[in-house]
Every structure is written in structure tokens, then in C-alpha cells.
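Have a look at the structure below before the remarks.
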Amino acid sequence: MTSTNPAAETSRATARRRSEGAGGREPGTGSWAPLAVLVLAQIGTSSDNAAMNIAVGSLTAELGATLGDIQMATTVFSLIAGAFMIAGGLIGVTIGLRRTMRIGLALAVLGEVVAACAFHIAVLTWGGRVLMGVGACLVTPSVLGLVAALYEGRRRAVAFGAIAGAAALSTLSPIVLGAIMDAAGFRVTFAVLAAYFALVLGTTALLPASAPQAGRKRFDVAGMAVAAAGLALFLLGTSRLSTWGVVFPMAGCPFTVAGLSPAVPLMAAGLLLLALLVPIERAAEAAGGALIPRSYLTSPAVRSGLLAVAMPFFFMGAQGILITPYLMLVAGFSAMQSGMLSLLSGIPMFCLATFLPKLAPRLSSRLIIRIGLAAIVAACLLMALGVEQDAVGVALFAGTMLGGIGVGAVNSQANNAVASAVRGRDTEQSGGIQGAARNIGLALGTAVGGTCLLLAMATLFASGAAEASIAGDLVRTAAEQGSTLMGPDAFAELAATWGAAPADGAALAAIHSQAQADALRLTFGLLGAVMALSLIGTRHLVETAAGR
């Protein structure tokens, strides 16, 4: 359901609606003050997870949390954010985007306060992280929806670039939050985040009031329930692939399905529920309150735009699960050294996402996105070349920087490509669907990267160990640790606890080191192939460049 010129039609329709709802002010020529509020909100929601990622030591020491407990806290937030993000977009256009954003920020403040005051990891997980997840489901769609509603043409492209730049800037937040965490612990860190969200909540007075969309007769409860359940099951299964197993259950798998790992069946059940959304949404749109408007399902331009939104996050999710553990557990990098690596990707990501739409408004947006995706493909190959046995080379750092350039280029245009590919009525609702695309991309990237790495490590180690002249019992015992990242000295020490002679332990450690380096190279190669395929899926992108 596309028009001959969706960008122009969107501009005219949104201009009429906003001038009626905002006292006749033309949004394309409005103040940049609201954008500053939206940027601050985006930085906060993007930085929140960084606090959890670096709180492992503090939570373990003060609350007695295990790594499994902390992983659950992170997973709960991701599941809620991914499952209810689309619903957050519908709530925004139903009750008003500014009101929705304020509710989300208030929940974020409360969630951070609960986390700061938590006396047990369960309180932090099922109190603080749940509240923060629901808050993010309301804030992120409101941010993206308000950009689409308040700005037009080139100003909208610049505004979306600023939001993408804010997300890139938040990749550097671990440096600041890490310093606070080291100095004062997790309670002060979460308290600082609570104060930050409270400050952003106060600045929402600068946002113009947004009236609910006319013509909405009901809220799509059925669509929201089915979409949330489908996305939750799919994301849960996806996130557990590397820990529960792809086919056969791994140690620690909580239950099985006909003797098999439940990860893939959960993913299949989620996809089945999502398929049921098509007839449900047809009926809901006739009633004026569809969770996902038909234009998002039928337009090739929208599908290409959502793919462009998701793929950079797919890459970042896979990159995060691959590089940091290898640097810290194998190459011997400290936490600070690993964190500083974010500068290599974060700075070019921020600069391109923020300033490219402003400095090159006439450059083809479609071309920028596709060049950015190609740069990410090249970055994956460079990082594969930079992996060395028990170390990393210069090529990995060059690939990290090139990946930041590619992500920044794609993010500078992708959000505007989606907003410009739909009719004016559906533009403000695009925020929730784009937010869901981000979370799905991130979850898939993390799951695919982690699962492929672990499976490749186990396979390559088993193959290498089978060829060595080492006792069979020792090889079978060592194979259970074949998919665990660690340095050669640590593996040799572990082998000694199994009764391995020093020579056998050293041989197994060498096989393991080679297996994990080869597995990481293969996984980066696979990641590059997936990113290359996304170039095919983005061929229908709408052109948003000025004068085109």
C-alpha cells in the first residue's frame, strides 16, 4: 500500500495534522529545542543496559548474584523491550506521544530507583529491570514518532541523524558509568541514572502537546497480546540458543521438548503466533486501531527500510558477543582496555550518524545505506583476518573502526527511510515498529554470533583432539570444555585437574587455542555473509535525499 511519492504525501499529511494539533505551527520550521529533549531520552535508554553489563562484579559482591542471575536480569529487560515495543508505538498515537513519553520516563526513574535500592538480585530483576523495560517500550517509540511528527524534509533527516548519533554516543557510556561503578558501586550508578531520567522528564515541557490520532475507535488488544507473546517466545528461544543448545539440550537446559532443546520450538511457536497477526490486523485496521498498519506489511519500501534499521543492530549484537569475551578471556585485555575499544567504533558512528544528513543532504540516502552495509561486510572480513591464536592483530582494530563507519552511515538514513515510506497517518506509529526491529536485530545478532562461535569451537576442538595421540578418556573430558573461551595457561591448568600429564595438557591447550581462533574467524566470515545478503533485501529503499 504505497503511493507514487510516499515522502511527499507523508510531508503534506503530517504537516496538515500537526498544524491542526499544535496551534497552526508548521513543524518543518519549528524549534530544535524538542530535538534536544529527544536526544537526551535516547542517550538514557541506550545507556541503561551498559550499567547492567558492567555491574557484574558489584552485583556479585554486594548481592551475591551469580552470572546466571545477572544474565537473567539482562534477558528480562530485552524480552520486555522487544515484545512490547510495537504496542508502545500504538499507545503513543492513541493517547498522545508526549504523554506516552512522560509515562515511560517516569517508569524509567522508578525502575532505576528500585535497582539502586534492591536488597536481592530478584528485586533488581523482577522489579527494576521490568519497570525499565516497560519504560523503554514507551520512550523509544515516542522519540522516533515525535521526530517524524515534528520535522519535515531535510530537517527530519537531520533530526533522525541526531537520534542515531545519540544512540552511537551511548556506546561510550561504559567509560563514564564504569568509573562511577568502580568508585561507588552499582547503587550509586543506578541512582545517577534515575536522576538523569528525572531530569529528562522535566525537560519534556519543551515538547509540544500531541493530540491522539483522529479516527481510532479502539485499542488493538488482540493484536498487542498476540504480537507480544509471539515476539517474547521468539526472542526467548533466540537468546537461549547458545546456552540451551540448537538441537540437543546442553548442560543447564531447564527442560526439553521430546528430548530436544526447547530453543528452536520456542522460536517456531513465536513465528506461528506472529503469522496469525496478518488476519488479526486486517480486522483491526478496519476498526481504526491496528497495531501494525497494512502499509508496513505490504510495502516493499517499508520492509527494506526496517531491514536497514535492524541489520546494524544485528552486527553490533554479534560483534559484542564475539570480540569482548575473546579480548578479555583469551588475549588478556583488561576491562578498561576492552572498553576503550568502543572508541574505535563509537566515534565514527556518532560523527556519521549525526552530521552526514546535515552536511550531505543531496547525497542519495539509498546509496549511503548500501555503502554502509558494504562497509560492514568489509569490516567483518578485516576482523576475521585480525584474529590470531591467543591474540589479536591490527586488522581487528581496523575492522572495528570500519564497522563503526558502516553502522553510522546506515543509521544516519534508515529511520527516515521507514518514516518516509508510509502514509502520513502511519508515520507517527513507525517508532514502535522501528524500535522492535532494533531489538529483534540485536537479539538475533547476539544469538547467531554466540551460537555459531560455540558450535564451531566444539566441532574444531573435537576434530583436533581426535587426531592427537592422547588417551580417549582425557579427550572426551576435554571436549566438554571445548566450547569455553580461555587462554592456553588456564586450559592447561584445567587439564591438570583431570589428571592429564603436563605434555598432554599442553597439547590439549594448543588444540583448544587453535580451535577458538579458527572458530572466531569462521563466525566473522559468516557474519559478513549475512550482512552481504542484506544488500539484496534493501534494494527497494525509498529515496529521501533533498532534491530527488
Side-chain angles (χ1 to χ4, degrees), residues 34-55 59 70 72-92 95-118 121 123-147 163 166-167 169-174 176-177 180-181 186-207 210 228 431-432 434-436 438-439 442:
L35 180 61
V37 178
L38 302 180
V39 165
L40 291 174
Q42 179 64 61
I43 291 175
T45 54
S46 298
S47 299
D48 171 74
N49 262 343
M52 280 301 303
N53 292 336
I54 61 177
L59 291 174
I70 297 170
M72 176 58 72
T74 304
T75 301
V76 164
F77 174 87
S78 299
L79 286 175
I80 292 175
F84 293 99
M85 194 69 72
I86 299 177
L90 179 59
I91 292 172
I95 69 173
L97 291 169
R98 185 177 73 171
R99 181 183 301 172
T100 302
M101 184 172 173
R102 285 175 166 173
I103 295 172
L105 289 170
L107 288 173
V109 172
L110 183 58
E112 302 293 6
V113 169
V114 170
C117 299
I121 188 63
V123 176
L124 187 146
T125 300
W126 303 108
R129 300 315 290 163
V130 167
L131 286 169
M132 186 61 218
V134 176
C137 289
L138 300 178
V139 173
T140 298
S142 300
V143 168
L144 298 175
L146 282 166
V147 169
I163 297 301
L169 189 63
S170 67
T171 63
L172 307 180
S173 63
V176 177
L177 293 176
I180 298 174
M181 190 77 69
F186 81 92
R187 298 187 188 280
V188 173
T189 303
F190 285 121
V192 168
L193 286 171
Y196 179 88
F197 282 117
L199 174 65
V200 178
L201 179 60
T203 64
T204 56
L206 297 174
L207 296 174
S210 56
Q434 291 189 58
R438 289 182 180 185
N439 282 278
L442 190 66

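In this text the structure is predicted, and so the values were computed from the model without any measurement. Position 1 is the first residue of the sequence, and the numbers go up from there.
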Out of Leu146, Val139, Thr140, which one pairs with Val143 under the side-chain contact (heavy atoms from CB on, under 4.5 Å) rule? Val139
Give me the atom names and distance for the closest heavy-atom approach of Val134 to Leu107. CG1-CD1, 3.7 Å
Apply side-chain contact (heavy atoms from CB on, under 4.5 Å) to Leu144 and Arg438, showing your working. CA-CA 12 Å; Leu144 298 175; Arg438 289 182 180 185; 3.9 Å; yes
Quick check for you: to the nearest 0.5 Å, what is the distance between Arg187 atom CZ and Leu59 atom CG? 9.0 Å
One should read off an interatomic distance between Met132 CE and Cys137 SG, to the nearest 0.5 angstrom, of 9.5 Å
Keeping to residues at least two apart or across chains, list the salt bridge (charged side-chain N to carboxylate O under 4.0 Å, His left out) pairs with something in residues 194-207. none
Residues which pass side-chain contact (heavy atoms from CB on, under 4.5 Å) with Val123, listed by chain and number, not counting sequence neighbours: Val114, Ala118, Phe119, His120
What pair of heavy atoms forms the shortest contact from Gly44 to Tyr196, and how long is it? CA-CE2, 3.6 Å
Is there a side-chain contact (heavy atoms from CB on, under 4.5 Å) between Leu199 and Leu40 once you walk through the steps? CA-CA 9 Å; Leu199 174 65; Leu40 291 174; 5.9 Å; no
Which atom names give the shortest non-hydrogen contact between Leu201 and Thr204, and what distance separates them? O-OG1, 2.6 Å
Heavy-atom check, side chain of Leu138 versus side chain of Leu105, under 4.5 Å: no
Separation between CG (Leu38) and OG1 (Thr203), nearest 0.5 Å, reads 9.0 Å
Passes side-chain contact (heavy atoms from CB on, under 4.5 Å), Phe197 versus Thr45? Steps please. CA-CA 9 Å; Phe197 282 117; Thr45 54; 4.3 Å; yes
Looking only at non-hydrogen atoms, find the nearest pair between Ala136 and Phe77 and report the distance. CB-CZ, 4.1 Å
Contact between Pro34 and Leu207 at the side-chain level, heavy atoms closer than 4.5 Å - yes or no? yes
Given Asp48 and Arg129, is the side-chain contact (heavy atoms from CB on, under 4.5 Å) satisfied, shown in steps? CA-CA 10 Å; Asp48 171 74; Arg129 300 315 290 163; 2.7 Å; yes
One should read off an interatomic distance between Ile163 CD1 and Gln42 CD, to the nearest 0.5 angstrom, of 6.0 Å
Ser46 side chain to Ile43 main-chain N or O, any donor-acceptor pair under 3.5 Å? no
For Phe84 and Ala228 the tightest heavy-atom approach is CE2-CB, 3.5 Å
Between Gly96 and Thr100, which heavy-atom pair has the shortest distance, and what is it? O-OG1, 2.8 Å
